[in-house]
Amino acid sequence: MTKEEQYKELLAQAAAVVAGETDLIANMANVAALIHETFGFWWTGFYRVQNTDRCQVDLRVQTELVLGPFQGPLACTRIPYGKGVCGTAWEKNETVIVPNVHEFKGHIACSSESNSEIVVPVHQNGEVIAVLDIDSKEFNTFDEIDKKYLEQIVKLL
Ligand code: SME
C-alpha cells in the first residue's frame, strides 16, 4: 500500500471512531493511537492550548501548550507560545515540517531518538486549540502527503 492509500484508510477509520463520540480528549486519544499504529512512528500525540497556572506577570490570561493524549515514550509537559516546533506551529498557525530536528533552531528534544517531526495545528471556531505532534526516528519522514492528510484528520476532532 502506498502512503496515500494508508492515509485514506486511516482517515476513514478516524472518521468512524470520532463520529460516535463528542469528548475531545477521548477522540484525540483514539486518533493518536490510530496514526501511531498505522505508521509505527516514534511518538504521536497532542498538546492542548491551556491557561497557564504559573504566576501571572500581568492581568492578561497567559496560555501555553500542555501535554495531551499520546502514544510513545514520556514527553515534556509544557511548551510556551512560539517555542520549539510545537510552539512555532501554534504561533504561525500552520503545519511545520522539520526534516532534521537537529537543524531546527529552538527544537525541544523530549527524546534523543527523534530525528524528524511534523506539527499540525488543530482548530475550533477559527482558533488554534491544540497541535498534533509526530516524531520519527528517521530523517526526512514527513512531506506534503503527511501534511495534507493529517490536516484532514485533525478537522474530524
Ligand atoms: N519536539 C517538540 C517537543 C515535543 S516532543 O517532540 C514530544 C518541539 O520542539 O516542540
Side-chain angles (χ1 to χ4, degrees), residues 3-4 6-54 61-98 101 104 106-138 141-143 145-157:
K3 180 157 87 171
E4 195 140 22
Q6 282 181 292
Y7 266 119
K8 281 184 182 155
E9 217 164 78
L10 178 57
L11 195 58
Q13 283 178 309
V17 159
V18 163
E21 180 53 64
T22 55
D23 188 273
L24 180 65
I25 304 289
N27 287 336
M28 284 178 164
N30 271 334
V31 165
L34 279 174
I35 297 169
H36 199 74
E37 290 291 308
T38 300
F39 293 106
F41 292 132
W42 173 243
W43 195 92
T44 309
F46 291 90
Y47 281 89
R48 295 191 306 139
V49 175
Q50 299 280 275
N51 290 342
T52 176
D53 53 15
R54 302 233 177 99
V61 176
Q62 311 273 310
T63 53
E64 63 188 341
L65 291 171
V66 181
L67 184 64
F70 73 95
Q71 300 274 313
L74 176 111
C76 11
T77 54
R78 288 173 190 268
I79 300 175
Y81 184 72
K83 300 292 179 196
V85 186
C86 291
T88 301
W90 176 22
E91 183 178 32
K92 288 187 166 174
N93 192 6
E94 63 185 32
T95 297
V96 178
I97 294 172
V98 183
V101 296
F104 187 95
H107 169 253
I108 300 165
C110 294
S111 157
S112 56
E113 301 272 352
S114 173
N115 283 315
S116 61
E117 184 165 357
I118 186 169
V119 180
V120 182
V122 181
H123 299 101
Q124 215 167 60
N125 305 321
E127 296 278 304
V128 177
I129 56 135
V131 298
L132 166 64
D133 178 19
I134 306 177
D135 285 53
S136 167
K137 278 182 154 184
E138 320 298 327
T141 297
F142 305 103
D143 57 22
I145 292 177
D146 299 275
K147 177 179 185 296
K148 174 180 161 188
Y149 286 98
L150 292 171
E151 285 177 355
Q152 289 182 40
I153 290 170
V154 299
K155 281 202 186 114
L156 298 169
L157 289 166

Evaluate the ring planes of Tyr7 and Tyr149, with Trp represented by its six-membered ring, and classify them as parallel (under 30°), tilted (30 to 60°) or perpendicular (over 60°).
parallel
Verify, without hydrogens or angle tests, whether Asp133 (side chain) and Tyr47 (backbone) share a donor-acceptor contact under 3.5 angstrom.
no
Separation between CG (Asp146) and CD1 (Ile97), nearest 0.5 Å, reads 7.0 Å
OH-OG1 distance between Tyr81 and Thr52, expressed to the nearest 0.5 angstrom
15.5 Å
With a 3.5 Å cut-off and no angle check, do the side chains of Gln6 and Thr38 form a donor-acceptor pair?
no
I need the Phe46 CZ to Gln71 CD distance, nearest 0.5 Å.
11.0 Å
May I ask you to test the Ile79-Glu64 pair for a side-chain heavy-atom distance under 4.5 Å?
no
If I take atom OG from residue Ser114 and atom CD1 from residue Ile108, how far apart are they, to the nearest 0.5 angstrom?
12.0 Å
Give the minimum heavy-atom separation between Ala89 and Pro121, together with the two atoms involved.
O-CG, 3.8 Å
Just wondering, do Val18 and Asn30 contact through their side chains at under 4.5 Å, heavy atoms?
no
Please report the closest heavy-atom contact between Glu21 and Ala26, naming both atoms and the distance.
CG-CB, 4.1 Å
Any heavy-atom pair between the side chains of His123 and Asn93 that's under 4.5 Å?
yes
Ion pair check, Lys147 and Glu151, cut-off under 4.0 Å:
yes
Taking all non-hydrogen atoms of both residues into account, name the closest pair between Leu11 and Leu156 and its distance.
O-CD1, 4.0 Å
Correct closest heavy-atom pair for Gly45 and Ala32 would be CA-CB, 4.4 Å
Gap separating the CG atom of Leu157 from the CG atom of Asp23, nearest 0.5 angstrom:
11.0 Å
In this structure, OG1 of Thr95 is separated from CG of Leu150 (nearest 0.5 Å) by 8.0 Å
Flag the pair Val49 / Leu65 as yes when at least one side-chain heavy-atom distance between them is below 4.5 Å, and no otherwise.
yes
Side-chain (Ser116) to main-chain (Glu138) donor-acceptor, under 3.5 angstrom
yes
Is Phe39 close to Ile134 at the side-chain level, that is, under 4.5 Å between some pair of heavy atoms?
no
Taking C-beta and beyond as the side chain, do Val31 and Val17 meet within less than 4.5 Å on heavy atoms?
no
Ion pair present between Glu4 and Lys148, side-chain N to carboxylate O less than 4.0 angstrom?
yes
Just so I know, are the side chains of Glu117 and Asp135 near enough to count as touching, which here means a heavy-atom distance under 4.5 Å?
yes
Please give me the minimum heavy-atom distance between Leu67 and Phe70, naming the atom from each residue.
CD2-CE2, 3.7 Å
Would Trp90 and Thr63 count as a side-chain contact (heavy atoms from CB on, under 4.5 Å) here? Give the steps.
CA-CA 11 Å; Trp90 176 22; Thr63 53; 3.5 Å; yes
In the structure I gave you, are the side-chain heavy atoms of Lys3 and Asp143 within less than 4.5 Å of one another anywhere?
yes
What one should report as the nearest heavy-atom pair of Trp42 and Ser111 is NE1-OG, 3.0 Å
If you apply the rule side-chain contact (heavy atoms from CB on, under 4.5 Å), what do you find for His107 with Val85, and how did you get there?
CA-CA 6 Å; His107 169 253; Val85 186; 3.8 Å; yes
